[in-house]
Amino acid sequence: MDVVIEVRDARIPLATTHPKMDSWLGNRRRIIVMNREDMVSADDRNAWATYFSSQGIKVIYSNGQLGMGTMKLGRMAKSAASTVNTRRREKGLLPRPVRAGIVGYPNVGKSSLINRLLKRRMCPAAPRPGVTRELKWVRFGKDLELLDSPGILPMRISDQTAALKLAICDDIGERSYDFADVAAILVQILLRHPAVGSEAFRKRYKIDVDSDCGKLFVTKLSVHLFNGDTTQAAFRILSDFRKGRFGWVALERPPT
């Protein structure tokens with residue numbers, strides 16, 4: 001690889017990077033793509049852009065579904081690896097396309113990003129983890145080759161807070177977590193979030209929020225709408241969050 005494009009979920013940029021990524025990349029040039037930019041506020045985007053800029057890391061915000069940011073990504077990838085062919089010419093070698101590897105967690109939108117960049121469906125993509133199962137090279141014009149890769153998760157996620165965020169944002173498979181437990185944590189997070197709060201739940205579900213206990217609210221919603229089925233109630237809350245029914249809010253802010 002001449003340059004590595006690491007795709008992250010803009011709602012949880014820290015939770016969607018592999019703990020060994022820095023050691024794997026070494027001195028290779030890296031571009032971080034914050035995908036799903038439409039799912040966070042402008043304030044969130046600006047805060048993260050400032051954070052990464054202070055570390056000297058190039059960041060692009062994108063929307064893999066609509067194609068926003070993809071052309072800028074192509075230009076930046078070529079620019080980041082432009083020294084490759086300079087060195088080849090110095091050695092008397094012919095120039096070759098820049099090779100960019102696209103890496104990231106499952107379901108962060110790697111394949112959709114490539115398809116939008118190429119303006120055709122070259123890589124399988126779907127709104128669930130685990131669709132890409134093999135490495136695949138695709139060419140973007142004469143100057144850039146992209147390598148799509150399967151999502152990579154640690155064998156064990158020791159940070160349980162990060163694991164919960166991955167589940168909330170649908171970045172790990174549904175078999176990996178219990179809907180009711182994850183929805184209960186999400187309720188507690190959103191109740192304390194300054195941009196959401198209890199009023200958003202009252203408007204959405206037409207029931208009062210009696211406390212900040214997420215599990216109690218999931219149970220109450222299950223009785224109100226789903227005949228006591230807590231799994232269905234939990235799935236509704238998670239689905240509503242993922243669709244922006246509580247507004248587009250990031251679950252992580254830059255470290256201070």
Side-chain angles (χ1 to χ4, degrees), residues 1-84 98-118 123 125 129 132 138 140 144-154 157 159 162 165-166 169-172 248-256:
M1 297 300 108
D2 302 314
V3 60
V4 174
I5 299 168
E6 184 190 3
V7 184
R8 301 190 190 184
D9 189 323
R11 297 168 293 180
I12 47 173
L14 298 180
T16 46
T17 185
H18 197 288
K20 293 186 178 181
M21 188 62 71
D22 289 339
S23 62
W24 285 342
L25 297 187
N27 294 324
R28 288 184 180 86
R29 295 178 179 272
R30 170 164 56 169
I31 299 170
I32 292 179
V33 176
M34 302 279 267
N35 198 30
R36 300 181 179 134
E37 68 161 342
D38 56 315
M39 293 186 175
V40 296
S41 68
D43 183 55
D44 291 323
R45 291 195 295 272
N46 292 336
W48 280 108
T50 300
Y51 170 76
F52 284 116
S53 177
S54 69
Q55 296 184 328
I57 299 175
K58 295 182 181 296
V59 175
I60 293 176
Y61 276 93
S62 74
N63 181 334
Q65 294 297 318
L66 300 179
M68 295 163 59
T70 53
M71 298 310 294
K72 183 179 180 181
L73 174 60
R75 292 193 299 271
M76 188 177 287
K78 293 175 186 178
S79 174
S82 60
T83 57
V84 172
V98 169
R99 294 168 181 161
I102 298 187
V103 300
Y105 272 31
N107 206 35
V108 292
K110 299 183 297 297
S111 298
S112 294
L113 198 65
I114 292 176
N115 290 336
R116 282 292 180 178
L117 189 61
L118 301 176
C123 301
T132 302
V138 292
F140 177 56
L144 181 62
E145 291 179 347
L146 302 169
L147 179 63
D148 190 21
S149 64
I152 303 174
L153 282 170
I157 301 177
D159 185 345
K165 292 172 184 174
L166 291 170
C169 293
D170 200 24
D171 289 331
I172 54 176
W248 297 123
V249 292
L251 298 184
E252 290 180 341
R253 294 282 286 183
T256 55

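Between the NZ atom in Lys58 and the NZ atom in Lys72 there is a gap of 9.5 Å [rounded to 0.5 Å]. A distance of 7.0 Å separates OG1 of Thr17 from OH of Tyr105, quoted to the nearest 0.5 Å. Atom CD of Glu252 sits about 9.5 Å away from atom CZ of Arg8, to the nearest 0.5 Å. Rounded to the nearest 0.5 Å, atoms CZ (Arg36) and OG1 (Thr16) are 9.0 Å apart. With values rounded to the nearest 0.5 angstrom, Ile32 atom CD1 is found 11.0 Å from Ile60 atom CD1. Here the CD-CH2 distance, from Glu6 to Trp24, works out to 10.0 Å after rounding to the nearest 0.5 Å.
Applying the salt bridge (charged side-chain N to carboxylate O under 4.0 Å, His left out) rule to Arg45 yields no partners; only residues at least two apart in sequence or on another chain are considered. For Glu37, the side-chain hydrogen bond (donor to acceptor under 3.5 Å, both in side chains) criterion is met by no residue, not counting sequence neighbours. Taking Leu147 as the reference, Met1, Leu135, Trp137 meet the side-chain contact (heavy atoms from CB on, under 4.5 Å) condition, with sequence neighbours excluded.
Exactly one residue among Val108, Asn107, Ile12 makes a side chain to side chain contact (heavy atoms under 4.5 Å, CB included) with Leu166. That residue is Ile12.
A donor-acceptor pair under 3.5 Å is formed between the side chain of Ser54 and the backbone N or O of Tyr51. A distance-only check finds a donor-acceptor pair linking the side chain of Arg11 to the backbone of Cys169 [under 3.5 Å].
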Using the side chain to side chain contact (heavy atoms under 4.5 Å, CB included) rule, take Asp44 and Arg253 through it: C-alpha gap first, then chi angles, then the decisive distance, then the call. CA-CA 7 Å; Asp44 291 323; Arg253 294 282 286 183; 2.6 Å; yes

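The nearest pair of heavy atoms linking Ile5 to Ala100 is CD1-CB, 4.0 Å. The nearest pair of heavy atoms linking Trp48 to Pro13 is CE2-CG, 3.6 Å. For the residue pair Phe52 and Met34, the shortest heavy atom distance occurs at CE1-CE, 4.0 Å. Residues Pro254 and Ala47 approach most closely at CG-O, 3.5 Å, considering heavy atoms. Across all non-hydrogen atoms, the minimal contact from Ser62 to Asn35 is OG-OD1, 2.9 Å.
At least one side-chain heavy atom of Val103 sits less than 4.5 Å from a side-chain heavy atom of Met21. Annotation: side chain of Arg99 is not in contact with side chain of Val84 (no heavy-atom distance under 4.5 Å).
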